[in-house]
Student: 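First the structure, which I've put down as structure tokens, then a few questions once you've had a look.
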Amino acid sequence: MLLCGPSGSGKSLLAARSGLPVLRLDDFYKEGDDPTLPLVPGSSDIDWDHPDSWDADTAVAAITELCRTGRTDVPLYDISLSARTGAEAVDIGRTPLFIAEGIFAAEIVNRCRELGVLADALCLSRGPMRTFRRRFLRDLKEGRKSVPFLLRRGWRLMRLERSIVAHQTSLGAYACDRDEALGRLTAAAAGRCPAATQAA
């Protein structure tokens, strides 16, 4: 089960509430010294909201291995340092369904579908103002980046939110609010999704 949505839309909280195993796709960000990292146009800021800041190939490999074996090793990523700080094992055992959540999850919908490991793809959408407030307070509390950077990023993402949701749905994710998303997750976990067996 792939769960995407704008940064701050509540993906991690929803995934935790579902009771399903979770693969954090944010752990597959590139490191801050990677020369391929994109920049925000007209700025020296790294654009951490651009798919090129993320290692899609490694993320897909981890999802595929989890579906095949129930276990995989993933990086541990510290957003405040823009660096991988280690690795950990993710083990879902015999659980037939898990959630892979992150802002770039929609970018791999087609690849997961072609590999036969996709149960569903959801895009969580809660509205630009609500998302802005939640994202800023979370990032400030966690010390993810400097306050000026968080404000610049937050304002930019608030203006872009509707286009972000439109992009993610164009890639195959279904846009819904928290309650509908939780209902679809519950249905898939109960086996009412035809592709739910050993799928992300």
Side-chain angles (χ1 to χ4, degrees), residues 1-30 48-75 77 79 88 90-93 95-126 131 135 157 161-200:
M1 176 77 71
L2 293 175
L3 178 61
C4 62
S7 175
S9 57
K11 298 178 295 299
S12 298
L13 182 60
L14 177 65
R17 285 186 59 189
S18 74
L20 294 169
V22 178
L23 177 67
R24 298 183 308 269
L25 295 179
D26 282 358
D27 282 329
F28 296 91
Y29 267 115
K30 296 176 182 177
W48 296 107
D49 300 286
H50 192 288
D52 287 347
S53 69
W54 186 67
D55 188 349
D57 291 340
T58 304
V60 170
I63 289 171
T64 304
E65 187 171 21
L66 267 181
C67 292
R68 189 177 69 249
T69 70
R71 186 188 181 284
T72 192
D73 292 322
V74 300
Y77 194 91
I79 291 177
E88 69 174 350
V90 174
D91 192 333
I92 65 170
T95 305
L97 191 75
F98 66 94
I99 296 173
E101 66 91 5
I103 62 172
F104 301 124
E107 303 293 328
I108 57 175
V109 167
N110 285 335
R111 290 174 66 175
C112 288
R113 182 178 290 120
E114 289 169 359
L115 290 165
V117 297
L118 182 67
D120 201 355
L122 306 179
C123 173
L124 194 58
S125 177
R126 306 181 73 180
T131 303
R135 176 177 53 242
L157 291 181
E161 178 152 337
R162 288 185 175 85
S163 64
I164 291 170
V165 171
H167 172 69
Q168 294 181 350
T169 55
S170 75
L171 294 174
Y174 174 77
C176 54
D177 62 17
R178 180 186 59 191
D179 292 339
E180 186 177 4
L182 193 57
R184 289 175 73 105
L185 288 170
T186 301
R192 296 196 294 274
C193 178
T197 303
Q198 283 297 319

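Residues: numbered from 1 along the sequence shown. Side chains included, hydrogens not; waters and symmetry mates left out as well; all remaining heavy atoms used.
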Student: If we check side-chain contact (heavy atoms from CB on, under 4.5 Å) with Leu66, which of these qualifies: Thr95, Val90, Val117?
Tutor: Val90
Student: Once rounded to the nearest 0.5 Å, what's the spacing between atom OG of Ser18 and atom CZ of Arg184?
Tutor: 14.5 Å
Student: Rounded to the nearest 0.5 Å, what separates atom CG in Leu118 from atom CD1 in Ile108?
Tutor: 9.0 Å
Student: Contact between Glu180 and Tyr174 at the side-chain level, heavy atoms closer than 4.5 Å - yes or no?
Tutor: yes
Student: Return the set of residues passing salt bridge (Lys or Arg N to Asp or Glu O under 4.0 Å) with Asp57 (not counting sequence neighbours), or none when no residue passes.
Tutor: Arg111
Student: Who passes salt bridge (Lys or Arg N to Asp or Glu O under 4.0 Å) against Arg162, sequence neighbours left out?
Tutor: none
Student: Do you know which two heavy atoms are closest between Ala173 and Ala106, and how far apart they sit?
Tutor: CB-CB, 4.5 Å
Student: Taking atom CZ of Arg178 and atom OG of Ser9, what is their separation to the nearest 0.5 Å?
Tutor: 11.5 Å
Student: Where does the angle between the aromatic ring planes of Phe28 and Trp54 fall among parallel (under 30°), tilted (30 to 60°) and perpendicular (over 60°)?
Tutor: perpendicular
Student: Roughly how far, to the nearest 0.5 Å, is OG1 of Thr186 from CG of Leu20?
Tutor: 8.0 Å
Student: Looking at every non-hydrogen atom in both residues, tell me the closest pair between Pro21 and Ile92 and how far apart they are.
Tutor: CB-CG2, 3.5 Å
Student: Can you see which heavy atom on Thr169 is nearest to which on Ala175, and at what distance?
Tutor: CG2-CB, 3.6 Å
Student: Does the side chain of Leu122 come within less than 4.5 Å of Leu14's, by heavy atoms?
Tutor: no
Student: Hey, is the main chain of Leu124 close enough, under 3.5 Å, to the side chain of Lys11 for a donor-acceptor pair?
Tutor: no
Student: Quick check: closest heavy atoms across Gly10 and Arg126, and the distance to 0.1 Å?
Tutor: CA-NH1, 4.2 Å
Student: So how far is it from Asp26 CG to Ile79 CD1, rounded to the nearest 0.5 Å?
Tutor: 5.0 Å
Student: Apply side-chain contact (heavy atoms from CB on, under 4.5 Å) to residues Ile63 and Leu115 and explain how you reach the verdict.
Tutor: CA-CA 10 Å; Ile63 289 171; Leu115 290 165; over 6 Å; no
Student: For residues 96-104, dump all side-chain donor-acceptor pairs below 3.5 Å to protein atoms at least two apart in sequence or in another chain.
Tutor:
{"unit_1": "Glu101", "atom_1": "OE2", "unit_2": "Ser12", "atom_2": "OG", "d": "2.9"}

Student: Between Gln168 and Cys123, which heavy-atom pair has the shortest distance, and what is it?
Tutor: OE1-SG, 3.3 Å
Student: Do Asp91 side-chain atoms and Arg71 backbone N/O form a donor-acceptor pair below 3.5 Å?
Tutor: no
Student: Which value, rounded to the nearest 0.5 Å, describes the distance between Arg135 atom CZ and Leu157 atom CG?
Tutor: 4.5 Å
